[in-house]
Colleague: 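After the structure tokens below, expect a handful of questions from me.
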Amino acid sequence: MAALVHSGHCSTVRSIIALDVDYFYCQVELRKRPNIDRNHPVAAFQRNLVVTCNYPARAAGVKKLMLVKDARDVCPGLILLDASDLQDYRVACSEIICLLKDMLGGAAVENLGLDEFFIDVTEIVCRRKEYYSCTTSFKGYCWPSKDCDSYNLLENEELRNFVVASHLCLEIREAIKSKLQLTCSGGISNSKLLSKLAAGLHKPDEQTIILPHLVESYLNNLDLRKLPGIGSVTYQSLVDHFCVSTCEQLRFVPVERLVEAFGKRTGIRLYHICRGIDEESVRDTSLVKSISCEERFAKTECWSEILRYLRIVVERLLDRLVEHARVSSGRYGRLLVVTYLKTLSTKRESISCNVPFDVIRLCSLCNSLKSSSSECFEKFSNLYRSTLKQLENRCIQLLRIRLGSDFSLCLVSVGVKNFVTLKEVDQTSHPNSIISLIQRSEAKSTFSSVVGQTSSREPMKCCICNAFLNMEMSNEDINRHIDKCLCMESHDKSMNKNVLDGFIKSKKPKVSLTSSQCSIGT
Ligand code: TTP
Ligand code: MG
């Protein structure tokens, strides 16, 4: 059942740690307010809903998604903290990713939502095992009890992997607690599915292992609703069609019948997860393929209003790009995509071109930052401000090119794609490519130490008009040249169509609760 991993001399089952930050938004708010006693009931709210609360509040009867009014009724002394600005939660999330990457080197770290993390520690466990005595015992809970002394660790190699993983998990949780003032719960097992379930077994600030030979008995009486990936519709169908509501009961349903009822993908997944089989690997989410932010609004023909929304989106996007660069050793995207929606009943349309140089430059610099994104703004405030302006201008120009004077919009989205690392660029760039152009212009700039000097003396080429550029041009001149090309493009759409690749892409409109959102594509 357990997936086998072969890594050098170390052949073993996978060791996967899941971390779930406790009462996340609430803890981040409390971190900003050290004077509030953490043992006092505290809740975080958005609009009129409690989105989360600390454990003393839960003990008093406050629940997630309760009306604020009802929460006050059940817990009169409840302290309520506004959680409508998501920026601090994103920062906390990337702080955790950075810390994990620092601690664990090349281990894959997958971030789910803002407060859940999976880490594949198989290789680290293999390397560390020799430093542990054969009698060292587990840390934390070991399902079904806290007492794990009954295991004969001397004879069982596989169990010893989990001993090491449990020590590692504790170290990680302690580091997050001491360095970031956030507690989280941990789960350890041989799959993402079981580790996630294990993390929820003892909350807050505890950790639990589910050992491979106990997976089936752990799952036996588990309500199917508790399994990640089984939503209320699937659950109701399972109850209605097959009269099953636990994992043990579901194991009696033949896979063919599940596939018939739910389709191949879901049917097979259901068949597997009730047996504790989950071979999905931990995807390194620091290797995202795209980052985008969007804003929905009531349909408008007012250009200044659209610009206002565009500015909000661009600012949010730049923050995300900077954060991403910081946690991923300076990765940056090369293609800027502006998407818009004319009416709710039409399809999304997009136009794209290269990102401005300064975005790349800023992302490259963020590579060296260790702490939160505010450090970036403090250190590089001039560059940050000019980059924001450039990004904004380029988006405006792209929209102008596409929309002309006849338009009405109800959504703008700005995203960045085609991510690369500085290392990849070094290895693959063609002397006349836009990246090479950036590199050479960067090499001349004060940031040469970050991006790297190049000895190539090939002529530079503009990515829009293909004209050769003077090697002595400053970054500002190059930017001005590209912006001028884009402006000309807006007057003469027929020019260089293939360079300004202006593809039109259709997507289903996304449904969101809020009018704005950011997304990361992996
Ligand atoms: P959860 O992981 O569900 O909960 P939590 O971290 O607050 O609490 P715990 O893990 O200790 O049970 O959600 C993570 C954050 O997501 C939460 O702090 C607030 C936010 N959130 C919403 O914005 N909307 C929602 O409907 C829910 C449930 C959570
Ligand atoms: Mg949580």
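Atoms within a ligand are numbered from 1 in the order they appear, just like the ligands themselves.
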Colleague: Do ligand 1 and Lys64 have nitrogen or oxygen atoms that lie under 3.5 Å from each other?
Modeller: yes

Colleague: Can you find an N or O of Leu65 that's nearer than 3.5 Å to an N or O of ligand 1?
Modeller: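 Looking only at distances, the answer is no, because the N/O contact criterion of under 3.5 Å is not met.
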
Colleague: Specify side chain, backbone, both or neither for Lys203, according to which of its non-hydrogen atoms lie closer than 4.0 Å to ligand 1.
Modeller: side chain

Colleague: Look at atom 6 (O) of ligand 1 and say which protein heavy atom is nearest, naming residue and atom and giving the distance to 0.1 Å.
Modeller: Asp115 OD2, 2.8 Å

Colleague: Would one find an N or O of Thr52, backbone or side chain, under 3.5 Å from an N or O of ligand 1?
Modeller: yes

Colleague: Determine all donor-acceptor pairs shorter than 3.5 Å in which one atom belongs to a side chain in residues 74-84; sequence neighbours excluded.
Modeller:
unit_1: Asp82; atom_1: OD1; unit_2: Ser84; atom_2: N; d: 2.9
unit_1: Asp82; atom_1: OD1; unit_2: Ser84; atom_2: OG; d: 2.7
unit_1: Asp82; atom_1: OD2; unit_2: Ser84; atom_2: OG; d: 3.3

Colleague: Closer than 4.0 Å to some heavy atom of Val21 - which atoms of ligand 1 meet that?
Modeller: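 Result: 6 (O), 10 (O).
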
Colleague: Residue-level breakdown please: for Lys63 versus ligand 1, do any non-hydrogen atoms fall below 4.0 Å on the side chain, on the backbone, on both, or on neither?
Modeller: neither

Colleague: Please name the pair of heavy atoms, one in Cys53 and one in Tyr23, separated by the smallest distance, quoted to 0.1 Å.
Modeller: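 That closest heavy-atom pairing would be O-CB, 3.2 Å.
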
Colleague: Between Val28, Val51, Asp20, which one has a non-hydrogen atom sitting closest to atom 21 (N) of ligand 1?
Modeller: Val51

Colleague: Could you pull out, from Tyr25, Phe24, Tyr23, the option with a heavy atom nearest to atom 19 (C) of ligand 1?
Modeller: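 That would be Tyr25.
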
Colleague: Return the orientation label for the His202 and Tyr141 ring planes: parallel under 30°, perpendicular over 60°, tilted otherwise.
Modeller: parallel

Colleague: Between Glu29, Gln46, Arg58, which one has a non-hydrogen atom sitting closest to atom 8 (O) of ligand 1?
Modeller: Arg58

Colleague: Taking both backbone and side-chain atoms into account, decide whether Val21 has an N/O/S atom under 2.8 Å from the Mg ion (ligand 2).
Modeller: yes

Colleague: Under a plain distance cut-off of 3.5 Å, with no hydrogens placed, do Tyr131 and Arg128 share a side-chain donor-acceptor pair?
Modeller: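 No, Tyr131 and Arg128 have no side-chain donor paired with an acceptor closer than 3.5 Å.
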
Colleague: Identify whether the distance between the nearest side-chain nitrogen and carboxylate oxygen of Asp284 and Lys101 falls below 4.0 Å.
Modeller: yes

Colleague: Counting only heavy atoms closer than 4.0 Å, does ligand 1 sit against the backbone of Tyr55, its side chain, both, or neither?
Modeller: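 Near ligand 1, Tyr55 shows its side chain, while the N, CA, C and O stay back.
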
Colleague: Assert yes or no for the condition that the ring centre distance of His324 to Phe419 is strictly below 6.0 Å.
Modeller: yes

Colleague: Checking side-chain polar atoms at under 3.5 Å, does Ser413 have a donor or acceptor matched by the opposite partner on Ser292?
Modeller: no

Colleague: Return the name of the atom in Asp115, of element N, O or S, nearest to the Mg ion (ligand 2).
Modeller: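 Nearest N/O/S atom: OD2.
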
Colleague: Can you name the N/O/S atom of Asp20 that is nearest the Mg ion (ligand 2)?
Modeller: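 Asp20's closest N, O or S atom to the Mg ion (ligand 2) is named OD1.
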
Colleague: Could you tell me which residues satisfy side chain to side chain donor-acceptor pair (under 3.5 Å) with Ser345, sequence neighbours excluded, listed by chain and number?
Modeller: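 Listed in chain order: Thr343.
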
Colleague: Please lay out, stage by stage, how Glu29 and Arg33 fare under the test salt bridge (charged side-chain N to carboxylate O under 4.0 Å, His left out).
Modeller: CA-CA 7 Å; Glu29 292 304 325; Arg33 300 167 178 87; 2.8 Å; yes

